[in-house]
Protein chains: 2
Amino acid sequence: MSNYRNIDVTQLATAFKALAHPNRLNIYLQLLDCCTPGTACAVDEVQKCCAGDLGTNLDVAPSTLSHHIKELHQAGLLQTSRRGQHIDYWVDPEALETLRRFFATADQAG
Amino acid sequence: MSNYRNIDVTQLATAFKALAHPNRLNIYLQLLDCCTPGTACAVDEVQKCCAGDLGTNLDVAPSTLSHHIKELHQAGLLQTSRRGQHIDYWVDPEALETLRRFFATADQAG
DNA sequence: TCTATATTTCGATATATGTCGAATTATCGA
DNA sequence: TCGATAATTCGACATATATCGAAATATAGA
């Protein structure tokens, strides 16, 4: 059961766990809207996705925000890059593809 | 943020939470393999999906198994029907479709 | 009706998680 | 180099969750 139709079940559970918290799902959705998966927002674009921006509509302390971002990152859902004082985050396209594929195949025959 | 591209975000987080635990994910995967989503296994088929069967490869007490099944059911991921002493469970097709659709659209543009 | 089987509910307990504030690290600009 | 800003790490604490065993509920069959 550690593997299901060529999908790593442990990785799947880890991803679900990361996305299970409303604040973390919120962060992930923001990043989905912010940048095309696999790409950080260009600096000159209006949309930003550095840690501070992700917390503006979350009402949590910076340390809590950092904690949640770390969880998402450790689950493999986000990628990261420093840009000066800021740290940008964006959606890991492979992890997203794994999730998409799981539900796509699950939705087919039993 | 309670709605994202016509998908209920709260429902999404609830579903992820239910699937985040390895034992519950295991149960869900068994049901996906057991029966076509939306249908219970016919009684005369070899595959079964009553509560007891779902726990055979899980190594947890019956009460714990029941607890996990209840979580999946309350999250809207499973449907249920009593069959004599047994209670059958199967994958709710609409919930699965919601998840499939979320990742399908998320995987497209940002 | 009585017994066996399947499942759930309840109460207790250990562990995991979310949150904060304070302190720390990293970077930029003066 | 110093101060400001962004983000992380750490320690503490309250809450949530997973688990079990015992007891309760539901059903089938003798």
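- The backbone N or O of A:D88 sits nowhere less than 3.5 Å from a side-chain atom of A:H86 that would complete a donor-acceptor pair.
- The interatomic distance linking A:I87 (CD1) with C:dT25 (C1') rounds to 10 Å, in whole Å.
- At D:dT17, none of the side-chain N or O atoms of B:H68 fall inside 4.0 Å of OP1 or OP2 (strictly under the cut-off).
- Here B:T64 does not reach the OP1 or OP2 of D:dT19: none of its side-chain N or O atoms lies under 4.0 Å away.
- Under a 3.5 Å cut-off, the side chain of B:T98 and the backbone N or O of B:E94 do form a donor-acceptor pair.
- Although no hydrogens or angles enter the test, the distance criterion places a donor-acceptor pair under 3.5 Å between the side chain of B:T105 and the main chain of B:R101.
- The aromatic rings of B:F103 and B:F16 lie tilted to each other, with the angle between the two planes from 30° to 60°.
- Here C:dC20 is the nucleotide among C:dT7, C:dC20, D:dA18 with the atom lying nearest to any side-chain atom of A:V60.
- If you measure from atom CG of B:L58 to atom P of D:dC20, you get 10 Å, rounded to the nearest angstrom.
- When the P atom of D:dA7 is taken as reference, atom CD of A:Q85 falls 9 Å away, rounded to whole Å.
- Summarising the geometry, the separation between CG on A:L72 and C1' on C:dG18 is reported as 14 Å, rounded to the nearest angstrom.
- For the pair A:P62 and A:K17, nearest-nucleotide mapping onto DNA chain C gives the more 5' position to A:K17.
- In this structure, B:L65 atom CG and D:dC20 atom C1' are separated by 13 Å, rounded to whole Å.
- Using a 4.0 Å cut-off, no side-chain N or O of A:R83 falls inside it from OP1 or OP2 of C:dT27.
- Atom NE2 of B:H21 and atom P of D:dA16 are 18 Å apart (whole Å).
- Regarding B:D88, its CG atom lies at a distance of 14 Å from the P atom of D:dT27, rounded to whole Å.
- Looking at which nucleotide of DNA chain C each of B:R82 and A:E71 is closest to, the 5′-most match is held by B:R82.
- Here the side chain of A:A61 is nearest to one of C:dC20, D:dG21, D:dA7, namely C:dC20.
- Each of B:D59 and A:S63 lies near DNA chain D, and the nucleotide nearest A:S63 is the one positioned closer to the 5' end.
- We find that NZ of B:K70 is positioned 16 Å from P of D:dT19, with the value rounded to whole Å.
- When heavy atoms are screened at a 4.0 angstrom cut-off, B:H67 is found touching base atoms of the nucleic acid.
- Atom CG of B:L31 is separated from atom CG of B:L96 by 11.5 Å, given to the nearest 0.5 angstrom.
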